[in-house]
Amino acid sequence: MTRTQIPAQYATGAARTDIERALLAAGKDLDRLRLADLAMLEDFHTSGRIATGELADLVEITSATEVLDAGTGIGGTARYLADRFGCRVTGVDMVQEYCEIARWLDELVGLGDRIAVRCADVTALPFPDGAFGVVFSQHVQMNIADKDGLYREMRRVLARGGRLALWDITTSGAGEPDYPLPWADSPGFGHLVTPAALRATIEASGFAVERWDDRTDEAVAVMRMVRGLPPNPLGLHAFVPDFATRAAHLTDALADGRLRAIRAVARAR
């Protein structure tokens with residue numbers, strides 16, 4: 001996927017209207033919106049808030065930590081971290097529509113003073129060297145061909161000893177998944193590599209891997225649980241076209257071993 005294809009894959013031009021409609025249909029008062037009201041809607045990655053919370057438990061975040069949420073989407077991870085730890089979070093995404101929605105939701109839940117959102121390329125981050133103590137990266141690299149550039153930039157903006165917190169999807173090499181997927185309408189929109197290749201790239205970019213966990217079975221269980229919940233206006237289906245089909249293809253490919261779900265923590269050397 002090229003840099004110009006990434007916004008085209010995700011932007012619909014109607015996402016904010018769709019999200020607002022879903023919140024109102026669920027009985028939410030936009031003038032009194034609470035962070036918990038967004039829990040089912042805002043985490044555009046496998047296992048959602050469960051995965052984010054477990055990943056956050058593995059890195060040392062305090063109220064003084066500067067955190068970068070690389071590939072922030074509509075800002076769910078940034079809001080979770082800012083609320084839980086009281087830290088400052090900077091969210092970056094290439095999709096202008098998502099950045100605007102993230103800012104809007106940050107203000108609605110009273111976190112606009114702790115979160116800054118920048119529309120930028122994660123392979124060319126607009127920040128000085130060593131600006132952050134933690135970088136979160138959840139379901140980002142599958143859209144990016146230049147993985148060397150991606151992780152070199154993440155290492156550059158991390159202070160020495162800072163942590164990269166990773167939650168991502170890889171191929172196993174056992175076969176092509178069915179499309180569409182949550183991040184790709186067709187094979188040309190994705191750039192999947194094996195777990196070994198991903199780890200090698202991260203290590204070659206100046207990181208020492210501290211944890212590398214295959215969480216595929218757990219991800220399948222969570223995905224199946226979520227898909228079995230009663231119908232709800234709130235969910236990624238509110239603003240992601242044909243999300244039910246995309247989620248089913250992802251779940252099936254994880255379950256039969258074509259895709260793997262990897263959680264990792266790496267320290268900047």
- Query: Judged by atom type as modelled, is there a donor-acceptor pair below 3.5 Å linking the side chain of T194 to the main-chain atoms of T171?
  - Reply: no
- Message: Tell me if a side-chain donor or acceptor on H45 pairs with a main-chain N or O of D168 at a distance below 3.5 Å.
- Response: no
- Message: Keeping R21 on the side-chain end and P233 on the backbone end, is there a donor-acceptor pair under 3.5 Å?
- Response: no
- Message: Please find the pair of heavy atoms, one from D146 and one from T123, that lie closest to each other, and give the distance.
- Response: O-CG2, 4.2 Å
- Task: Start with the C-alpha distance between L55 and T77, add both sets of side-chain angles, then the distance that settles side chain to side chain contact (heavy atoms under 4.5 Å, CB included), and finish with yes or no.
- Result: CA-CA 11 Å; L55 188 58; T77 294; over 6 Å; no
- Any side-chain heavy-atom pair from L125 and L68 closer than 4.5 angstrom? yes
- Counting distance only, does the side-chain N/O of Q141 pair as donor-acceptor with the main-chain N or O of I169 below 3.5 Å? yes
- Hey, does the side chain of K147 reach the backbone of L198 with a donor-acceptor pair shorter than 3.5 angstrom? no
- Would you say the side-chain atoms of D93 pair up with the backbone N or O of G73, donor to acceptor, closer than 3.5 Å? yes
- Please answer whether the main-chain N or O of E42 pairs with a side-chain N or O of R49 as donor and acceptor at a distance below 3.5 Å. no
- R160, CZ atom: more than 12 neighbouring heavy atoms under 6.0 Å: no
- Contacts satisfying side-chain hydrogen bond (donor to acceptor under 3.5 Å, both in side chains) that involve residues 223-242 (not counting sequence neighbours) are D242-T245
- Item | Min side-chain heavy-atom separation N143-M94 under 4.5 Å | no
- Note on the structure: Taking every heavy atom of W212 against every heavy atom of A264, the minimum-distance pair comes out as CE3-CB, 3.4 Å
- Message: Using only atom types and a distance under 3.5 Å, with no angle test, would you say the side chain of R88 pairs donor to acceptor with the backbone of E66?
- Response: no
- Message: When you compare the side chains of Y80 and D43, does any donor N or O come within less than 3.5 Å of an acceptor on the partner?
- Response: no
- Is there a ring pair (Phe, Tyr, Trp, His ring centres under 6.0 Å) between F127 and F132 once you walk through the steps? CA-CA 9 Å; F127 308 112; F132 299 98; 5.2 Å; yes
- Item | Lys/Arg N to Asp/Glu carboxylate O, D57 vs R84, below 4.0 Å | yes
- Task: Using the side-chain contact (heavy atoms from CB on, under 4.5 Å) rule, pick out the option among L166, V67, L164 that qualifies with V135.
- Result: L164
- For the residue pair E97 and R16, establish whether any side-chain heavy-atom pair is separated by less than 4.5 Å. no
- Message: Once rounded to the nearest 0.5 Å, what's the spacing between atom CD1 of I262 and atom OG1 of T216?
- Response: 6.0 Å
- Heavy-atom pair of closest approach, residues L254 and A261: CD2-N, 3.9 Å
- SB check D213 R215 (cutoff 4.0 Å): no
- Is it true that a side-chain atom of E210 and a backbone atom of R267 form a donor plus acceptor pair closer than 3.5 Å? no
- Message: Quick test of your reading of the model: are E100 and R103 salt-bridged, counting only N-O distances below 4.0 Å?
- Response: no
- Query: Looking at Y10, F189, F44, which hits side-chain contact (heavy atoms from CB on, under 4.5 Å) with W183?
  - Reply: Y10
- Sidechain-backbone polar pair: S172 side chain, G257 backbone, donor-acceptor under 3.5 Å: yes
- Message: If I compare all heavy atoms of G71 with all of V122, which pair ends up nearest, and what's the gap?
- Response: N-CG1, 3.9 Å
